[in-house]
Colleague: 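Below are the structure tokens for one structure; questions will follow.
Keep in mind that the numbers below use all heavy atoms, side chains included, and drop hydrogens, waters and symmetry copies. Nothing here was measured: the structure is a model prediction, and the numbers come from that model.
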Amino acid sequence: MKIGEKTVVRLVYELMVDGQVADFCTEERPLEFIQGKGMLLPKFEENIAGLEPGEKFAFTLSPEEGYGVYDPERIISLPVAAFEIDGELRRDLMEVGTMLPLTDRAGNVVPGKVLEADELFVKIDVNSPMAGKTLNFSGHIVDVREASEKELAEGLERHGCGHCGGHCGDGGCGEGHCGGEGHCGGEGHCGGEGHCGGEGHCGGEGHCGEGHCGEGHCGEGHCGEGHCGGEC
């Protein structure tokens, strides 16, 4: 069967960025998704359309075809008060380099990276880590089958792979990654129990808006109910 709309695809890939391996999936933990459901970058799906199990692929996506160019205006400032949880100011969440799961006004999760903090504001970069990058994909198709009506209505029970998935559209872990169990959305970094979205750093439901945590406050004036949760 060829890859087409409403087919479940399992594939292995490697993503090279700036001459280094930025992401990959293996035969043991392939990337699995439904073609045409917007789970991956549109240009990624376009480049694998029509392929069959066993076929190889290799293509390059420009920044415009991937995660866009780097936008300085996507550097936002949140008030220090947004990091106060149960009366305690969580300075560990304000450390330079910390990744925080935020949400935009459309409800999409957007990972943000702390750039600097002072006594009043925390400056966060919400550009995708892959913004401005040229993406070089290669790999092969493992399996293709028709999606069931349940899968089309409810999605797959599991998608992504063990090493981040690296090219989801607006889902997964913001604009960046696909939510396997290794780096993004699983038990490693984003969405698990390690750094972003779990019980380690800025976990819970991490909802911060566009600029100053939505309309001005996060939840009821704090940063949520546990670790930067709440809604903005």
Colleague: Will you find, in the side chains of Y13 and D23, an N or O donor that is under 3.5 Å from an N or O acceptor?
Modeller: yes

Colleague: Can you find a pair of side-chain heavy atoms, one from V122 and one from S77, that are under 4.5 Å apart?
Modeller: no

Colleague: Could you tell me the separation between the CD atom of E5 and the CG atom of L152, rounded to the nearest 0.5 Å?
Modeller: 10.5 Å

Colleague: Please report the closest heavy-atom contact between E116 and V96, naming both atoms and the distance.
Modeller: CA-CG2, 4.0 Å

Colleague: Ring-plane angle category for F44 and F33, please: parallel below 30°, perpendicular beyond 60°, tilted otherwise.
Modeller: perpendicular

Colleague: Can you name the nearest heavy-atom pair linking V126 to G112, along with the distance?
Modeller: CG1-CA, 4.1 Å

Colleague: Once side-chain hydrogen bond (donor to acceptor under 3.5 Å, both in side chains) is applied, what residue pairs with a partner in residues 37-48 remain, sequence neighbours excluded?
Modeller: K43-E46

Colleague: Is it the case that the side chain of D118 and the backbone of L120 share a donor-acceptor pair, with hydrogens and angles ignored and the cut-off at 3.5 Å?
Modeller: yes

Colleague: Of all the heavy-atom pairs spanning P111 and M99, show the shortest one and how long it is.
Modeller: CB-CE, 4.0 Å

Colleague: Hydrophobic clusters here meaning ILVMFWY residues chained together by side-chain heavy-atom distances under 4.5 Å, can you tell me if M130 and L115 are in one?
Modeller: no

Colleague: From E157 CD over to K150 NZ, what is the distance, rounded to the nearest 0.5 angstrom?
Modeller: 6.0 Å

Colleague: So Y70 and I75, side chain to side chain contact (heavy atoms under 4.5 Å, CB included) or not? Walk me through it.
Modeller: CA-CA 10 Å; Y70 187 86; I75 296 177; 3.7 Å; yes

Colleague: Which value, rounded to the nearest 0.5 Å, describes the distance between L15 atom CG and F24 atom CZ?
Modeller: 11.5 Å

Colleague: State, with a plain yes or no, whether a side-chain heavy atom of E52 is found less than 4.5 Å away from one of I141.
Modeller: no

Colleague: What are the two closest heavy atoms between V114 and L93, and how far apart are they?
Modeller: CG2-O, 3.7 Å

Colleague: When clusters are formed by joining ILVMFWY residues with side-chain heavy atoms under 4.5 Å apart, either directly or through shared neighbours, do F59 and V142 land in the same one?
Modeller: no

Colleague: Are the side chain of E84 and the backbone of A81 linked by a donor-acceptor contact shorter than 3.5 Å?
Modeller: no

Colleague: Less than 4.5 Å apart, side chain to side chain, heavy atoms only: is that true for L41 and E65?
Modeller: no

Colleague: Do you know the tightest heavy-atom contact between I3 and I48?
Modeller: CD1-O, 3.4 Å

Colleague: Rounded to the nearest 0.5 Å, what separates atom NZ in K123 from atom NZ in K113?
Modeller: 14.5 Å

Colleague: Hey, is the main chain of V8 close enough, under 3.5 Å, to the side chain of R145 for a donor-acceptor pair?
Modeller: no

Colleague: L11 and H140: side chain to side chain contact (heavy atoms under 4.5 Å, CB included), yes or no, with the steps?
Modeller: CA-CA 6 Å; L11 59 80; H140 66 272; over 6 Å; no

Colleague: Got a second to check how far E32's CD is from R29's CZ, nearest 0.5 Å?
Modeller: 11.5 Å

Colleague: Under 4.5 Å between any side-chain heavy atoms of V12 and T26, yes or no?
Modeller: no

Colleague: Please determine whether the number of non-hydrogen atoms from other residues, nucleotides or ligands lying under 6.0 Å from atom CD of E64 exceeds 12.
Modeller: yes

Colleague: How long is the gap from CD1 on I124 to CG on L100, to the nearest 0.5 Å?
Modeller: 5.0 Å

Colleague: Does any pair with a residue in residues 125-141 pass salt bridge (Lys or Arg N to Asp or Glu O under 4.0 Å), and if so which ones, sequence neighbours excluded?
Modeller: D18-K133

Colleague: Can you name the nearest heavy-atom pair linking K56 to L51, along with the distance?
Modeller: O-CD1, 4.3 Å

Colleague: Taking the side chain as every heavy atom from C-beta outward, state whether L31 and L40 have any pair of such atoms under 4.5 Å apart.
Modeller: yes

